[in-house]
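By convention here, the first residue in the shown sequence is residue 1.
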Amino acid sequence: MRWLFDAVASHPEVREELIATAIQRRPAVYFACVTAMLISSSAVVYTGAGWAYVWLCFDAAIVLGRLYLSFRFDDGKNVPVGGRAATFALMFVLFVTLGLWCAVSVVLGPPGLVLLSVITVLAVFAGVSTRWAAFPRLTVITIVAMALPMCVAICIRAGGGISISAVQFGVVALMLAAQTMQNHHSLMRMILAEHHNAGLARIDPLTGLGNRFSLFEALDRLYASESEGGAHAALLYLDLDGFKGFNDARGHDAGDELLRRAARTMRDEALDSRAYRIGGDEFVVVQPGRDEEAAVALAERIIRAVSSMRVSDGGPVAGVGVTVGIAFAARAAKPRALIARADEALYAAKRAGKGAYRVAGSDTVKRPLAA
């Protein structure tokens, strides 16, 4: 099974995107179900034979199962998460048996049913080669499993031996199988590029930390979990002290190096927390599931570490430090309110002196003992 879905196993970072391209959504599901029922119903109308009624009943069971999965797991808005394995299994069985029943129609049915059967199978080839392009091995197996009985049936219908129509049908099937591989490579390039670009859109290019967009995404998720009883979090708003003077005196290259070192220092001290650069010399650290004591301890560690940073020549970064404002998600209704509270605490600490921290709602500005 893993071999059939090799693309997902090889690129787990785009797993959801790949599966989403292969799961048919409403109303396309309805049209697919109607198409499946039309061909089996046509066999009943054309022949009235017992095998046609068996086909019709079989299709009805498969279609009902597919509709159940659609109504059970597809809300019409988001890509369904549940029932995926069952959906793929049902559709594979439907396609393969469709090839078998259409082959029977070619052998036993009148010319009108023969034409309808050939058209239907070719249409399924075209649809599968695009819809299941994310999983080329599964697609090629499906096409081959449908094409083989059809080629045999065409030869029998032609009176035995190798029929040029059967050869042509097989060539068309192989062409679509080859097209599937091309579609797969194009799809993978597109999805991986989109995934890469989405990642870049969330990363500060200078420091490698998350950017403002990434921060608000994280806070939105945090507040969504809060509404369901999720853990609280502390937000540390940090502003480098003396950065402008350092940047003016040493130049922009040295300033960029300082920002990268400060970012690395914050990331190292944050441990299981997440650090972000939201602009200029301003940073944010989100510490999930922590109390005030833990947040204060983190702020003190960062202040000490930043004040002891050294530049590339090994010398200290004189006059550069960091001031911190701390706020808590439990005391702010929305992400922007949380950032605003931390920002107010930060600038209150700056007015009282640099290299300090203040907790929002507190009148006390503190400094680490060894800062």
Side-chain angles (χ1 to χ4, degrees), residues 204 206-212 214-216 218-219 222 231-247 255 258-310 316-332 334-371:
D204 173 55
L206 178 63
T207 64
L209 299 181
N211 59 14
R212 179 180 290 271
S214 178
L215 169 64
F216 276 99
L219 292 179
L222 171 68
H232 299 310
L235 185 142
L236 283 66
Y237 202 129
L238 308 100
D239 184 78
L240 293 182
D241 304 322
F243 173 75
K244 184 178 185 303
F246 178 90
N247 195 56
L258 178 62
L259 289 173
R260 285 192 291 267
R261 287 180 176 273
R264 186 163 55 247
T265 298
M266 294 175 193
R267 184 170 53 226
D268 291 344
E269 294 298 332
L271 301 177
D272 58 341
S273 305
R274 179 75 188 273
Y276 305 84
R277 180 187 176 217
I278 59 173
D281 58 351
E282 294 183 340
F283 298 82
V284 164
V285 174
V286 177
Q287 187 181 45
R290 302 299 184 186
D291 56 20
E292 183 171 326
E293 182 179 346
V296 166
L298 174 57
E300 291 185 346
R301 290 201 310 272
I302 291 176
I303 292 172
R304 293 192 191 98
V306 170
S307 65
S308 62
M309 289 190 309
R310 294 179 177 272
V317 183
V320 175
V322 65
T323 300
V324 186
I326 306 171
F328 295 90
R331 303 171 194 171
K334 296 179 180 179
R336 291 188 181 279
L338 174 64
I339 292 176
R341 285 178 60 84
D343 190 33
E344 290 172 3
L346 165 67
Y347 282 96
K350 273 188 171 292
R351 287 192 296 269
K354 300 175 180 179
Y357 63 90
R358 179 179 176 179
V359 177
S362 169
D363 295 329
T364 306
V365 175
K366 298 181 179 180
R367 291 178 175 80
L369 296 179

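In this structure, the side chains of Ser214 and Asn211 come closer than 4.5 Å at one or more pairs of heavy atoms. Met309 places a side-chain heavy atom less than 4.5 Å from the side chain of Val306. Taking 4.5 Å as the limit, some side-chain heavy atom of Leu271 sits within range of a side-chain heavy atom of Arg301. Looking at heavy atoms from C-beta onward, Phe328 lies in side-chain contact with Val359 at the 4.5 angstrom threshold.
Shown here for Leu222 and Ala233, the closest heavy-atom pair between the two residues is CD2-CB, 3.7 Å. Ala218 and Tyr276 get closest at one heavy-atom pair: CB-OH, 3.2 Å. Here the shortest heavy-atom pairing between Ile278 and Val284 reads CD1-CG2, 3.8 Å. Minimum interatomic distance between Thr265 and Ala305 (heavy atoms only, all atoms of both residues): CG2-CB, 3.3 Å. When all heavy atoms of Val285 and Ser273 are compared, the pair lying nearest together is CG1-CB, 3.9 Å. Counting all heavy atoms, side chain and backbone alike, Arg267 lies closest to Thr207 at NH1-O, 3.8 Å.
With Tyr357 as reference, Val324 is the one residue of Val324, Val365, Leu346, Thr364 to meet the side chain to side chain contact (heavy atoms under 4.5 Å, CB included) rule. Checking each of Asn247, Leu238, Leu258, Leu240 against Asp281 for a side chain to side chain contact (heavy atoms under 4.5 Å, CB included) leaves exactly one that passes, namely Leu240.
Here CD1 of Ile303 is found 13.5 Å from NZ of Lys354. Values are rounded to the nearest 0.5 Å. With rounding to the nearest 0.5 Å, the separation of CG in Leu209 from CZ in Arg264 is 10.5 Å. Leu219 CG to Lys334 NZ: the interatomic distance, rounded to the nearest 0.5 Å, is 14.0 Å. Rounding to the nearest 0.5 Å gives a distance of 11.0 Å between CG of Leu338 and CG of Asp343. How far CZ of Arg277 is from CG of Leu259: 5.0 Å, rounded to the nearest 0.5 Å.
Here Arg358 pairs with Asp363 in a salt bridge; the nearest charged N to carboxylate O distance falls below 4.0 Å.
In this structure, Arg341 fails the cation-pi test against Tyr237, since its NZ or CZ atom is not both closer than 6.0 Å to the six-membered ring centre and inside 45 degrees of the ring normal.
For Lys350, the side chain to side chain donor-acceptor pair (under 3.5 Å) partners two or more places apart in sequence, or in a different chain, are Asp239, Asp241.
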